[in-house]
Participant: 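Provided herewith is a single structure, encoded as structure tokens, for subsequent inquiry.
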Amino acid sequence: MHIQSFSYIVPLLLAIVIAGFVAVYAWQRRAITSAAMPLALLALACGEWSLGYALEIGGTDMPTKILSGKIQYIGISALPLVWVIFASTFSNLGARTTRGKVILLSIIPLITLLLAFTNELHGLIWSNAQIRTVGTFSALEVTHGPWFWVYWVYANILLVMGTIFILRSINRSKGLLRRQNFALLIAVLTPWVGNLLYVLGLSP
């Protein structure tokens with residue numbers, strides 16, 4: 001592995017460690033607050049996605065990068081769903097997030113995950129893939145298939161829903177809780193902007 005590629009992987013490894021600490025911290029407090037379990041799952045989804053991307057960057061051949069890309073879809077498919085569950089619970093709107101609704105909201109993410117791991121059979125997630133190299137940095141560059149766009153729209157709807165829950169909570173909260181809500185808002189908007197740049201082909 002080239003040193004330049006390693007420099008890209010280090011922040012991802014740091015993100016994985018932080019996500020792990022957050023997951024453990026939240027899990028230990030699951031009896032205190034109902035938002036702890038969704039937060040732990042949210043952190044695990046972020047950490048898993050970061051791990052898959054680190055493996056993709058570190059991989060030197062197409063099969064490794066393809067497998068790493070598929071592994072990322074575990075976090076990709078889980079994260080928007082867990083985010084909206086966490087946001088609704090944290091903002092005290094959890095009563096609306098029933099088990100039945102969670103099951104319904106899980107259908108498209110589960111289909112997406114299945115299609116990602118069987119992409120060679122249909123090309124619905126990506127229809128073409130190649131290794132894009134800039135200097136010593138290389139990553140998987142794909143042509144997205146039709147189901148990717150279906151899921152991308154769905155995932156963004158969930159992200160918007162969760163963001164609305166947090167915004168509503170900001171209006172009702174004060175002091176520390178209000179600052180926590182602002183921090184959550186920044187935390188979700190930052191990767192959201194990054195993902196938008198990636199999808200539009202504007203990522204540096």
Side-chain angles (χ1 to χ4, degrees), residues 15-16 18-53 71-117 125 144 146-173 176-200:
I16 294 167
I18 293 173
F21 276 115
V22 171
V24 171
Y25 182 86
W27 172 262
Q28 292 173 340
R29 285 152 183 80
R30 65 190 183 279
I32 301 174
T33 171
S34 58
M37 182 63 74
L39 177 59
L41 294 175
L42 186 64
L44 289 175
C46 291
E48 194 283 333
W49 191 347
S50 297
L51 174 62
Y53 192 46
I71 289 174
Q72 290 175 59
Y73 267 87
I74 298 174
I76 290 171
S77 60
L79 200 148
L81 173 62
V82 180
W83 159 250
V84 76
I85 294 172
F86 166 73
S88 64
T89 305
F90 182 81
S91 59
N92 296 319
L93 296 172
R96 300 182 182 181
T97 311
T98 63
R99 179 176 296 182
K101 288 182 179 180
V102 171
I103 292 174
L104 288 175
L105 290 173
S106 301
I107 293 175
I108 290 182
L110 288 174
I111 292 174
T112 301
L113 184 60
L114 177 63
L115 291 178
F117 276 90
I125 301 295
H144 297 299
W147 186 264
F148 170 87
W149 297 109
V150 171
Y151 179 70
W152 187 81
V153 170
Y154 179 77
N156 278 275
I157 291 173
L158 294 184
L159 289 171
V160 169
M161 288 173 57
T163 303
I164 291 173
F165 288 149
I166 297 300
L167 286 172
R168 291 177 61 183
S169 182
I170 288 175
N171 291 332
R172 302 194 312 267
S173 60
L176 177 61
L177 184 58
R178 189 179 183 88
R179 292 193 294 273
Q180 288 176 339
N181 278 290
F182 272 118
L184 283 171
L185 195 59
I186 295 172
V188 72
L189 289 179
T190 302
W192 196 2
V193 171
N195 182 255
L196 183 62
L197 291 174
Y198 164 73
V199 168
L200 294 176

Participant: Are the side chains of Ser77 and Tyr151 in touch, meaning some heavy atoms are under 4.5 Å apart?
Facilitator: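 Touching, per the 4.5 Å side-chain cut-off.
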Participant: Testing the basics here: between Leu42 and Val82, what is the closest heavy-atom pair and its distance to 0.1 Å?
Facilitator: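 Leu42 and Val82 have their closest heavy atoms at N-CG1, 3.4 Å.
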Participant: With rounding to the nearest 0.5 angstrom, report the CD1 to CG distance, Ile16 to Leu44.
Facilitator: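 Going from the CD1 atom of Ile16 to the CG atom of Leu44 covers 12.0 Å.
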Participant: What residues form a side-chain contact (heavy atoms from CB on, under 4.5 Å) with Leu114, not counting sequence neighbours?
Facilitator: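 Applying side-chain contact (heavy atoms from CB on, under 4.5 Å) to Leu114 gives Thr118.
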Participant: For the residue pair Ala43 and Val22, what are the closest heavy atoms and their distance?
Facilitator: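 Heavy atoms of Ala43 and Val22 come nearest at CB-CG1, 3.8 Å.
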Participant: Is there side-chain contact between Ile164 and Met161, with heavy atoms separated by less than 4.5 Å?
Facilitator: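 Of all side-chain heavy-atom pairs linking Met161 with Ile164, none is under 4.5 Å.
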Participant: With side-chain contact (heavy atoms from CB on, under 4.5 Å) as the criterion, how do Phe117 and Ile74 come out once you've worked through the C-alpha distance, each side chain's angles and the decisive distance to 0.1 Å?
Facilitator: CA-CA 10 Å; Phe117 276 90; Ile74 298 174; 4.2 Å; yes
Participant: If you compare all heavy atoms of Gln72 against all heavy atoms of Trp49, which two are closest, and at what distance to 0.1 Å?
Facilitator: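 Where Gln72 meets Trp49 most closely, the heavy atoms are OE1-NE1, 3.4 Å.
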Participant: Can you run down the side-chain hydrogen bond (donor to acceptor under 3.5 Å, both in side chains) pairs that involve residues 26-44, sequence neighbours left out, and say none if there aren't any?
Facilitator: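 The answer is Tyr25-Arg29.
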Participant: What closest approach, in Å, do Leu79 and Cys46 show between heavy atoms, and which atom pair accounts for it?
Facilitator: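 Nearest pair, atom of Leu79 first, then Cys46: CD1-SG, 3.5 Å.
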Participant: State, yes or no, whether a side-chain contact exists between Ile71 and Glu48 at a heavy-atom distance under 4.5 Å.
Facilitator: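 Yes, their side chains come closer than 4.5 Å.
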Participant: Heavy atoms, side chains only, cut-off 4.5 Å: are Leu115 and Phe148 in contact?
Facilitator: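 No, too far: nothing below the 4.5 Å cut-off.
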Participant: Any chance you could measure Leu39, atom CG, to Phe90, atom CZ, to the nearest 0.5 Å?
Facilitator: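 So the gap between those two atoms works out to 9.0 Å.
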Participant: Tell me the closest heavy-atom pair linking Ala87 and Gly162, and the distance in Å.
Facilitator: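 Here Ala87 and Gly162 meet closest at CB-O, 3.4 Å.
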Participant: Work out which heavy atom in Thr89 is nearest to a heavy atom in Pro38; give both atom names and the distance.
Facilitator: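 Minimum heavy-atom contact is OG1-CG, 4.4 Å.
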Participant: Tabulate below the donor-acceptor pairs under 3.5 Å that side-chain atoms of residues 105-113 make, not counting sequence neighbours, or state none.
Facilitator:
residue, atom, partner, partner atom, Å
Ser106, OG, Val102, O, 2.6
Thr112, OG1, Ile108, O, 2.8
Thr112, OG1, Trp147, NE1, 2.8

